[in-house]
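Working notes, beginning with the structure itself.
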Amino acid sequence: MAAIVRTLRCSVLKQSSRQFSTMCGVQAGEKWRKEHGLARSGTEYGPLTDLPDWSFADGRPAPPMKGQLRRKQEREALARRIVMLNSEVDRGIERWSQKQEETKRIEEHKKSLLLKPKGKLLVKKLSQS
């Protein structure tokens, strides 16, 4: 019986003029939030996710929740990675500039080893300068 119902459903869907999408839908407002520089959803970061839900009556803050601790660790790991990659880029730029200076020095040394003009050629060269 279930096979007949399934077959009927499939044949009705094939004959139907409606289009069914199997793609996941975009969250409501995601495009607007991205355009305004906000998170994709309201639960990624911000006061509703970062601040505690409650505090003690005497003003003491509530202990951090698991999600807050996890997000803090993720941010610290990301900050460490950024610092490490930035230092790698700085070392790469420094090495590149040293290599450029070395090639310039070698080129000037090669020019100094070339034959120098003498006699009439030297006088002619000096008069043109």
Side-chain angles (χ1 to χ4, degrees):
M1 181 70 173
I4 295 172
V5 172
R6 192 176 304 129
T7 307
L8 281 174
R9 238 186 293 162
C10 289
S11 64
V12 169
L13 287 176
K14 287 179 184 176
Q15 294 172 357
S16 173
S17 63
R18 285 183 154 203
Q19 299 291 324
F20 290 96
S21 175
T22 57
M23 295 175 57
C24 63
V26 177
Q27 292 182 354
E30 180 177 343
K31 182 179 175 187
W32 181 88
R33 284 196 282 279
K34 282 184 180 179
E35 289 172 355
H36 288 82
L38 302 172
R40 289 182 302 144
S41 69
T43 60
E44 287 185 14
Y45 59 85
L48 294 178
T49 56
D50 295 336
L51 296 178
D53 293 336
W54 57 276
S55 64
F56 291 103
D58 60 0
R60 290 180 293 150
M65 298 165 72
K66 287 181 185 177
Q68 290 171 324
L69 293 174
R70 179 184 46 82
R71 283 189 293 276
K72 184 178 178 184
Q73 289 174 346
E74 288 173 356
R75 288 184 189 126
E76 287 174 356
L78 180 63
R80 278 190 222 98
R81 181 166 168 76
I82 289 170
V83 168
M84 180 197 62
L85 292 174
N86 193 25
S87 64
E88 283 183 16
V89 168
D90 291 342
R91 282 194 308 267
I93 290 173
E94 185 178 322
R95 189 163 181 238
W96 177 80
S97 64
Q98 288 174 351
K99 193 180 269 190
Q100 292 294 321
E101 290 174 10
E102 180 69 21
T103 56
K104 187 176 180 181
R105 189 185 60 77
I106 290 172
E107 189 174 314
E108 288 176 1
H109 180 69
K110 285 181 181 178
K111 282 185 181 179
S112 70
L113 295 177
L114 292 175
L115 296 174
K116 312 281 188 290
K118 296 195 175 55
K120 292 181 184 176
L121 294 175
L122 179 61
V123 172
K124 186 176 180 181
K125 184 177 179 184
L126 290 175
S127 64
Q128 289 176 356
S129 300

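What you are looking at is a predicted structure, and each value in this text was computed from that prediction instead of being measured.
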Any ring-ring contact (aromatic ring centres under 6.0 Å, His included) pairs touching residues 47-73, not counting sequence neighbours? Trp54-Phe56
Just verifying a value: how many Å separate Lys124 NZ and Leu126 CG, rounded to the nearest 0.5 Å? 12.5 Å
dist Met84:CE -> Asn86:CG (nearest 0.5 Å) comes out at 10.5 Å
Does the side chain of Leu114 come within less than 4.5 Å of Lys110's, by heavy atoms? no
Heavy-atom side-chain contact between Arg40 and Arg33 under 4.5 Å: no
Who are the side chain to side chain contact (heavy atoms under 4.5 Å, CB included) partners of Arg75, not counting sequence neighbours? Tyr45, Asp50, Arg71
Going from CG on Leu122 to OG on Ser127, what distance comes out if it is rounded to the nearest 0.5 angstrom? 9.5 Å
May I have all residue pairs that pass salt bridge (charged side-chain N to carboxylate O under 4.0 Å, His left out) and include part of residues 92-104, sequence neighbours excluded? Glu102-Arg105
Roughly how far, to the nearest 0.5 Å, is the CD atom of Glu74 from the CG atom of Leu69? 11.5 Å
Taken to the nearest 0.5 Å, the spacing of Lys111 NZ from Ile106 CD1 works out to 14.0 Å
Contact summary for Ser55 and Pro61, nearest pair of heavy atoms: CB-CA, 4.4 Å
